[in-house]
Amino acid sequence: MATVGRGVYAQAVHEFFEGIRTYDVERAAAVLADDAEWTSPWTQGTVEGQEAVKAALEGLLGDAAKRPSFTIVDVAGDGHLTTLTVSVSGRFGKAPRRHRFRILNLKGKVHQVVVDAL
């Protein structure tokens, strides 16, 4: 774990976010727990299970013409629950919007990600 800004940034959280940022779904999914949950504005409700979350990420990140870019603005947390404030930029003239990623990390695995638009 590394201390960044006001919080602790666990290795699993780093790998998960780097996977998203670089559009590498395999990298992001590699640190997901089998019972991982993903809730975001880009899915209908909560997606449950590693394979289902991976499929949701593929839908979000797969199309190069539509996928957004992600930049961390702030990090807060204790290493188990990390809150990332992220600038999510749309494509082709869409202005960036801030989102809050709350990521639950236990024993080196990401168990839950809740993304809210700010």
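The structure displayed is predicted, hence computed values, not measured ones. Counting from 1, the numbers follow the sequence of the chain as shown.
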Legend entry - Any Thr46 side-chain heavy atom under 4.5 Å of Trp38 side chain: no
Inset, instruction - Check the pair Arg67 / Leu60 against side-chain contact (heavy atoms from CB on, under 4.5 Å), numbers first and verdict last. - result: CA-CA 6 Å; Arg67 65 187 178 202; Leu60 174 64; over 6 Å; no
Legend entry - Test item: Asp74 and Leu84 side chains (from C-beta on) under 4.5 Å apart, heavy atoms: no
Inset, instruction - Determine whether His111 and Glu37 make a side-chain contact, defined as any pair of heavy atoms from C-beta on separated by less than 4.5 Å. - result: no
Legend entry - Same apolar cluster (I L V M F W Y, side chains within < 4.5 Å links), Phe16/Val114: no
Inset, instruction - Side-chain contact test, heavy atoms from C-beta onward, threshold under 4.5 Å: evaluate it for Pro41 versus Val115 and give yes or no. - result: yes
Inset, instruction - Write down the atom of Leu61, the atom of Gly19, and the distance for their closest heavy-atom approach. - result: CD1-O, 4.4 Å
Legend entry - Val31 to Ala12 - nearest heavy-atom pair and separation: CG2-O, 3.5 Å
Inset, instruction - Start with the C-alpha gap between Val88 and Arg98, add the side-chain angles, then the distance that decides, and say whether side-chain contact (heavy atoms from CB on, under 4.5 Å) holds. - result: CA-CA 6 Å; Val88 180; Arg98 292 213 173 163; over 6 Å; no
Inset, instruction - Return the minimal non-hydrogen interatomic distance between Ser87 and Pro96, and the atom names on each side. - result: OG-CB, 3.5 Å
Inset, instruction - Answer with yes or no whether the hydrophobic clustering places Trp42 together with Tyr23; edges join I, L, V, M, F, W, Y residues whose side-chain heavy atoms lie under 4.5 Å apart. - result: yes
Inset, instruction - Could you tell me which residues satisfy side-chain contact (heavy atoms from CB on, under 4.5 Å) with Arg100, sequence neighbours excluded, listed by chain and number? - result: Thr83, Arg102, Asp116, Leu118
Inset, instruction - Flag the pair Ser69 / Arg21 as yes when at least one side-chain heavy-atom distance between them is below 4.5 Å, and no otherwise. - result: no
Inset, instruction - Report yes if some heavy atom in the side chain of Ile103 is under 4.5 Å from a heavy atom in the side chain of Gln112; otherwise report no. - result: no
Legend entry - CD1 on Ile20 to CZ on Phe101, rounded to 0.5 Å: 5.0 Å
Legend entry - Glu26: side-chain contact (heavy atoms from CB on, under 4.5 Å) partners, not counting sequence neighbours: Asp24, Lys54
Legend entry - Backbone of Ala30 reached by a side-chain donor or acceptor of Lys109 within 3.5 Å: yes
Legend entry - Considering all heavy atoms, the nearest Val47-Ala56 contact: CG2-CB, 4.3 Å
Legend entry - Nearest atoms (heavy-atom pairs only) where Val110 meets Ala36: O-CB, 3.8 Å
Legend entry - Heavy-atom check, side chain of Glu48 versus side chain of Asp35, under 4.5 Å: no
Legend entry - Shortest non-hydrogen separation from Ala117 to Arg97 and the atoms involved: CB-NH2, 3.6 Å
Inset, instruction - With the side chain counted from C-beta on, respond yes when Val113 and Thr39 share a heavy-atom pair under 4.5 Å apart, and no when they do not. - result: no
